[in-house]
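Convention: sequence-line order gives letters A, B, ...; per-chain numbering from 1. Not measured: the values here are computed from a predicted model.
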Amino acid sequence: MPNTHLLISWYRRSYRPLPWRQTTDPYLIWISEIILQQTRVNQGNPYYHRFIERFPTVIALASASEADVMMQWQGLGYYSRARNLHKAAQTIVAKYNGQIPETSAELITLSGIGPYTANAVASIAFKEPSPAIDGNVMRVIARYFSADDVINSRGLKKLCDNTVRAMMKDHHPGDVNQALMELGAMICRPTTPLCNECPIQPGCSSFRTGSQAVYPVPAKRAKPKNRYFVYLVLTSNNLSSQDIILKKRTKGDIWQGLYDFPLIETTNVPTDSDVYKSSLWTSLLPDFQPALSHATYLKHQLTHQTLHCWFIRQTADLIPDGIDNAEYLKIPIDLLHHYPFPRLIQRYFDQKQIKSHADN
DNA sequence: GAAACGTGGTT
DNA sequence: TAACCAAGTTT
C-alpha cells in the first residue's frame, strides 16, 4: 500500500488551488464533479464559473428551465450531464428539502451521480471514507502494483477500492481521494510520468521494474463510424424580421436537447440524387432543387462517430407559418443566441458569420 | 456489460 | 493525421 503520509504531505504543499477546492459547499463540489467528468480542468473551469454564477444554489438550479441549463452547458459535451444535473436538483428540492444528501448511498440514487461522483462528494464535503475511483486513481494504483487487469475492469476497480479504503484510516477521506487524483494528473501522468518527484515512488512496482509504460493496461476501443448529414439552412426575409428554421434534437441520438437544422442523413457519401429525392425539401420548400456543389462542408469528430456534414443554404422570400410546428421551429435570427447549439453548428455560424452568440 | 455519449488538448 | 485520453454515467 502506498505511504499515505508521504502522499498527503505532498498534496498539501503541491495541490493546485482550484476554485472548487476553496469551498466546503456541497452544491459547488457536486457541480464541479459533474463538470469534470471526462473533462479536463482547463476545459471545465470557465464553465464552472459561469454555471455557479448563473445558478448559485440548488434552489436556483432546480427553478431554472431546462433550456436555460442547456444554454450554460452548450459546447462542453456529454449533454446528458446537464439534463441529469437539472433533474437531480429538482429531486433534492422535492425529496431532501433542498439539502444535498450527505451519504454516498443517497447521492448515488440521484440522476447523473454514479459510484465515482457519489463517493467524491461524500468524502470531500462530508468526510465519508468512500474511495472515489477515477481514471487517475486507476492509473496510479495499476502502476504501483503493476496490476495486469485492464483499465476500468472489475478487478482493477476492486483493487483500487480496497487500497484507497485502507489509506483512509488515519486521514481525511476527501484529501486522500483528491491527493491520488492530483498525483495522477500532475506526476503519474499517462505519458512521461515524473517518477523522480513522486511521493510514493518507494514501493512502486512499475518504477522498480521500469514498466510505467505498460500500466495501466488499456482497453481496446472501437473505430469511429462515419455518418453523413445534409443540412438545409433555410432563411427568409419576412415582413418584420429575418427568420431561420431550426430543429430540436431528440432522444436516442447525439446532442439531445440542443438545436440544429432540418437534416437528411444518408448511409454513404451523399449524391445530388440522394438529396433531391428526399421528401424534406417538398415539405419545407417546394420547388427547391438543392445542389451539393454549393454546400459548405464541415467534418466533425466525436469519440464514436465521424460526422461528414454538408450545409445547403437557401433563402426564401417567405417561409410559411405552418413550418413552425412541433418538428421545426421558425425563429428570428436576432434570437439565435437564446438557443443552445452543439459545436458543429457554432462552427458553421462562425464560418458564415451569422451572429449566434453561441460562443463559449 | 459492451456501447454510446462531446469536446479539445497532446502525442 | 489519427489515436489517445480526461475528476464517468447510462442504457
Exercise. Taking only residues two or more places apart in sequence or in another chain, which ones pass side chain to side chain donor-acceptor pair (under 3.5 Å) with A:Ser32?
Worked result: none
Problem set entry | Nucleotide of C:dA7, B:dC5, B:dT7 approaching A:Tyr78 most closely (side-chain heavy atoms) | B:dC5
Exercise. What is the nucleic acid contact for A:Arg139, judged by heavy atoms within less than 4.0 Å: base, sugar-phosphate only, or nothing?
Worked result: sugar-phosphate
Exercise. Which residues in residues 166-182 of chain A have at least one heavy atom lying under 4.0 Å from any atom of DNA chain C?
Worked result: A:Met181
Exercise. Looking just at side-chain N and O atoms, do A:Glu128 and A:Ser123 make a donor-acceptor pair shorter than 3.5 Å?
Worked result: no
Exercise. Counting any heavy atom closer than 4.0 Å, what does A:Leu307 reach on the DNA or RNA strands: base, sugar-phosphate only, or nothing?
Worked result: nothing
Exercise. Do the side chain of A:Thr117 and the base of C:dG8 come within less than 3.5 angstrom through a donor-acceptor pair of N or O atoms?
Worked result: no
Exercise. Does any pair with a residue in residues 139-179 of chain A pass ring pair (Phe, Tyr, Trp, His ring centres under 6.0 Å), and if so which ones, sequence neighbours excluded?
Worked result: A:His5-A:His171
Seminar exercise, completed: Contact check, residues 31-46 of chain A vs DNA chain C, heavy-atom distance under 4.0 Å, returns A:Glu33, A:Leu36, A:Gln37, A:Gln38, A:Arg40
Problem set entry | Cationic N near anionic O, under 4.0 Å, A:Arg165 to A:Asp161 | yes
N/O donor to acceptor pairs below 3.5 angstrom from side-chain atoms of residues 131-141 of chain A, sequence neighbours left out:
from     : atom 1 : to       : atom 2 : distance (Å)
A:Asp134 : OD1    : A:Asn136 : N      : 3.2
A:Asp134 : OD1    : A:Val137 : N      : 2.9
A:Asp134 : OD2    : A:Asn136 : ND2    : 3.1
A:Asn136 : OD1    : A:Arg139 : NH2    : 2.7
A:Arg139 : NE     : A:Cys188 : O      : 2.6
A:Arg139 : NH2    : A:Gly184 : O      : 2.8

Exercise. Hey, are the side chains of A:Asn3 and A:Trp10 touching, using non-hydrogen atoms and a 4.5 Å cut-off?
Worked result: no
Using distance only, find each side-chain donor-acceptor pair of residues 191-202 of chain A under 3.5 Å and give its atom names and separation, not counting sequence neighbours.
from     : atom 1 : to       : atom 2 : distance (Å)
A:Thr192 : OG1    : A:Arg189 : NH2    : 3.2
A:Gln201 : NE2    : A:Cys195 : O      : 2.9

Exercise. Do A:Arg16 and A:Glu182 sit within salt-bridge range, that is, some charged N less than 4.0 Å from a carboxylate O?
Worked result: yes
For this session: For A:Leu258 and for A:Ala222, find the nucleotide of DNA chain B with the closest heavy atom, then tell me which residue's nucleotide is more 5'.
Result: A:Ala222
Problem set entry | From C:dT10, C:dA7, B:dT7, nucleotide with atom closest to A:Tyr116 side chain | C:dA7
